[in-house]
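Single-structure report; data block below.
Every heavy atom of this structure was used, including side-chain atoms; hydrogens, water molecules and symmetry mates were not. Labels below follow one simple rule: chain letters A, B, ... track the order of the sequence lines, proteins then strands, and each chain is numbered from 1. Note that this is a predicted model, so its numbers are computed, not measured.
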Amino acid sequence: MALNKEMSAAAAVAQLRDGMTIGIGGWGPRRKPMALVREILRSNLKDLTVVSYGGPDVGMLCAAGKVRKLVYAFVTMDAIPLEPWFRKSREGGAIEVMELDEGMFEWGLRAAGMRMSFLPTRCGLATDVLARNPSLKTIESPYADGEVYIAMPALKLDAALLHVNEADRLGNTLVRGADTFFDHLFARAADACYVSTEVLRERFELDADTAKQNPFERYLVKGVVHAPLGAHPTYLGPDYGWDMDHLKRYNASATEENGWQKYVEEFVTPGESEYLAKIGGAERAAKLKQPVF
Amino acid sequence: MTENEVVSLAELMIVAASEAWRDNGELLASGIGVIPRIGASLAKLTHSPELLMTDSEAFLVSEPVPLGARGDYKPRYEGYMSFERVFECVWGGKRHAMIGPTQIDRWGQTNLSSVGPYDKPKSAILGVRGLPGNSINHINSMIVPNHGPRVFVAGEVDMVSGVGYKPERWAPGMKQDYVDLRLVVTDLCVLDFGGPDHAVRVKSLHPGVSFEQVQAATGFPLLQAPDIGETPLPTAAQLAVIRRMDPHNLRATQLKNNPPAVKAAA
């Protein structure tokens, strides 16, 4: 057992290879492992298949030309419903897509985590999800009902990237948001799971209520990256809200001349400590409001 | 309501939307977007208290939560409803969602994915989201703030995201039994799927709107429900609930120029 799984974001990203299938946890503009995404933006990685309930993670990877194929049900930043760089890539025909129902997506991750080749579901039947994904097959119930289902294939991931509120060096994690989304399934579906964390502890010593915030087992975790404000500009309940000013700045990059280049030069290239300084650090993060729906 | 207080079309649509959840029984009412959410809230606070609702994040609330910044208001939690549990609820069929698709066709099929050729769309929207699963598993209604032929398309929607009643889409063995499309509330009228073979009918016309006007704004032929009438105006009691649920008047931003429910006489 690795007694210390701590590594830098660069070391985690160095484990990834061109052409890999990478799952990204969180949901839309919520709890995205953005520090790890920015590290990918700084790397030479290419031809990725990205599997995500998409937000600016997907948009930025599209903008940087890192995405060969996208497996998704939606890409949105909620308050900015249409994700600008995803749109550009999609409308330009720059990315291959596997567009799925949100539940099919979950089923695919579950199948992978259970080491199944597929799981049956009704979701997607009679829609263009079936028509537009020729790789999807249907299957007939072997029982008397004879019902026809989609055999949702396993969404096996080479790696999963997640962001959590707290972790220890062994790879134990805590997620404190009101909703943990489907991160546990990403962790189970992946050969290797890299977790970035707001707070890094040597060893957890938890009471029972806190231990219930542990979403999956540490044996799934290969690397732990200490990344305070690592979900910024997405939000991390209950620690900080989303940064709408920054999301708007990013959104505008899609309509400015050389907008993406400028965004990268300002926020990505200089590195994470510069990034944190530019966004105003912990002081500003403390003022970011949790979204109210 | 005082004599000179102008009721908005959005408020009329909220009341029409709330009717979708009448007599549904005990299920999760998901109104996605401002008008549907206030509509669901109105339903729960008036005719259908048995409905379940969330805070639009992760908790079930015993009382609908007002929209936007809520000051000192404390949500009254009665349970938990993470996205994972919403999916489980969807598959079990105990939900009635109302959403605003980009396109709707005569078969009730909806599109939230992309407009134009799929490989290089003219407009990439959100993605199919949960529409395939919602539409095949539980009751669904729709909201259309801009009734026109770009929404109600002549042929099939460009990317069928939510299922409908088009027979050719259903191969033998595919279970269509749970498909249950109820109301489409637009800025002109209320539609349902009550015609022969689920043909779309005008159920009620908003004040001052004619059937011909609705037909002209729709890409496919419409029927008139036998009991077609006028969409009712909100009562004073309903307006009071609407204002309490929407203290920041977000409903005023939902329709272009926030038109009144009854057009002023020329």
- Determine the option with the most heavy-atom pairs under 4.5 angstrom with chain B, choosing from A:Gly93, A:Ala126, A:Cys123. A:Ala126
- Task: Measure centre to centre between the rings of B:Phe87 and A:Phe105, then say whether the value is under 6.0 Å.
- Result: no
- Measure A:Tyr149 against the heavy atoms of chain B and call it side chain, backbone, both or neither at under 4.5 Å. neither
- Which atoms of A:Leu130 approach chain B - backbone, side chain, both or neither, heavy atom under 4.5 Å: side chain
- Note on the structure: Value for CD (B:Glu84) from CG (A:Asp179), rounded to nearest 0.5 Å, stands at 8.5 Å
- Query: Where does B:Ser114 contact chain A at under 4.5 Å (heavy atoms): side chain, backbone, both or neither?
  - Reply: side chain
- Taking the side chain as every heavy atom from C-beta outward, state whether B:Ser161 and A:Glu99 have any atom pair closer than 4.5 Å. no
- Item | Heavy-atom contacts under 4.5 Å, residues 51-68 of chain B to chain A | B:Asp55, B:Ser56, B:Glu57, B:Ala58, B:Phe59, B:Gly68
- Would the number of heavy atoms belonging to other residues, nucleotides or ligands and lying under 6.0 Å from CZ of B:Arg70 be above 12? yes
- Item | Where B:Leu126 and A:Pro81 come nearest, the two heavy atoms and their spacing | CD2-O, 3.2 Å
- Note on the structure: Looking only at B:Gly116, B:Gly130, B:Pro117, most heavy-atom pairs under 4.5 Å shared with chain A are made by B:Gly130
- What about the rings of B:Phe83 and A:Phe181, do their centers lie closer together than 6.0 Å? yes
- Task: Please say whether the positively charged group of A:Arg90, taken as NZ for Lys or CZ for Arg, lies over the ring of B:Tyr118, i.e. under 6.0 angstrom from the six-membered ring centre and within 45 degrees of the axis.
- Result: yes
- Message: For the residue pair B:Ser113 / A:Arg132, report whether a side-chain donor-acceptor contact shorter than 3.5 Å exists.
- Response: no
- Option in B:Glu168, B:Arg37, B:Gln176, B:Met81 with maximal non-hydrogen atom pairs under 4.5 Å from chain A: B:Arg37
- Note on the structure: Honestly, the part of B:Pro172 sitting under 4.5 Å from a heavy atom of chain A is backbone
- For B:Gly133 and A:Asp101, the nearest pair of non-hydrogen atoms, with its separation, is N-OD1, 3.0 Å
- Item | Minimum side-chain heavy-atom gap A:Tyr72-B:Arg129 below 4.5 Å | no
- Would you indicate whether B:Lys94, at its atom NZ, is surrounded by more than 12 heavy atoms from other residues, nucleotides or ligands within a distance under 6.0 Å? no
- Any side-chain heavy-atom pair of A:Glu102 and B:Val86 under 4.5 Å: no
- Message: Return the OG1 to CG distance between A:Thr127 and B:Leu131, rounded to the nearest 0.5 Å.
- Response: 9.5 Å
- Output the option from B:Gln109, B:Lys122, B:Glu156 having the highest count of non-hydrogen pairs under 4.5 Å with chain A. B:Lys122
- Item | Segment of B:Lys166 engaging chain A (4.5 angstrom heavy-atom cut-off) | neither
- Task: Specify which of B:Ser123, B:Ser135, B:Ala171 makes the most heavy-atom pairs with chain A at under 4.5 Å.
- Result: B:Ser123
- Query: Is it true that atom CG of A:Asp145 has more than 12 heavy atoms of other residues, nucleotides or ligands lying nearer than 6.0 Å?
  - Reply: yes
- Query: Which heavy-atom pair separates B:Pro132 from A:Val129 by the least distance, and what is that distance?
  - Reply: CG-CG2, 4.0 Å
- Message: Could you check whether any side-chain heavy atom of A:Arg122 comes within less than 4.5 Å of a side-chain heavy atom of B:Lys175, counting everything from C-beta outward?
- Response: yes
- Query: Does A:Asp128 come within less than 4.0 Å of B:Arg169, counting only side-chain N to carboxylate O?
  - Reply: yes
- Of the backbone (N, CA, C, O) and the side chain (C-beta and beyond), which part of B:Arg85 lies under 4.5 Å from a heavy atom of chain A, both, or neither? neither
- Message: Show the nearest heavy-atom pair for residues A:Ala178 and B:Tyr80, with the distance to one decimal.
- Response: O-OH, 2.7 Å
- Task: Check each atom of A:Glu91 against the heavy atoms of chain B and say whether the ones under 4.5 Å are side chain, backbone, both or neither.
- Result: both
- Item | Greatest number of heavy atom pairs closer than 4.5 Å to chain B - which of A:Gly237, A:Ser89, A:Gly177, A:Gly103 | A:Gly103
- Hey, does B:Ile136 have a side-chain heavy atom less than 4.5 Å from the side chain of A:Leu125? yes
- Among A:Gly54, A:Pro291, A:Ala73, A:Gly146, which residue forms the greatest number of heavy-atom pairs with chain B at distances under 4.5 Å? A:Ala73
- If one checks every heavy atom of B:Asp158 against chain A at 4.5 Å, the contacting part turns out to be backbone
- In sequence, state the C-alpha distance, the side-chain angles, and the governing distance for A:Glu147 and B:Met174, and then conclude on side chain to side chain contact (heavy atoms under 4.5 Å, CB included). CA-CA 6 Å; A:Glu147 188 173 344; B:Met174 293 182 185; over 6 Å; no
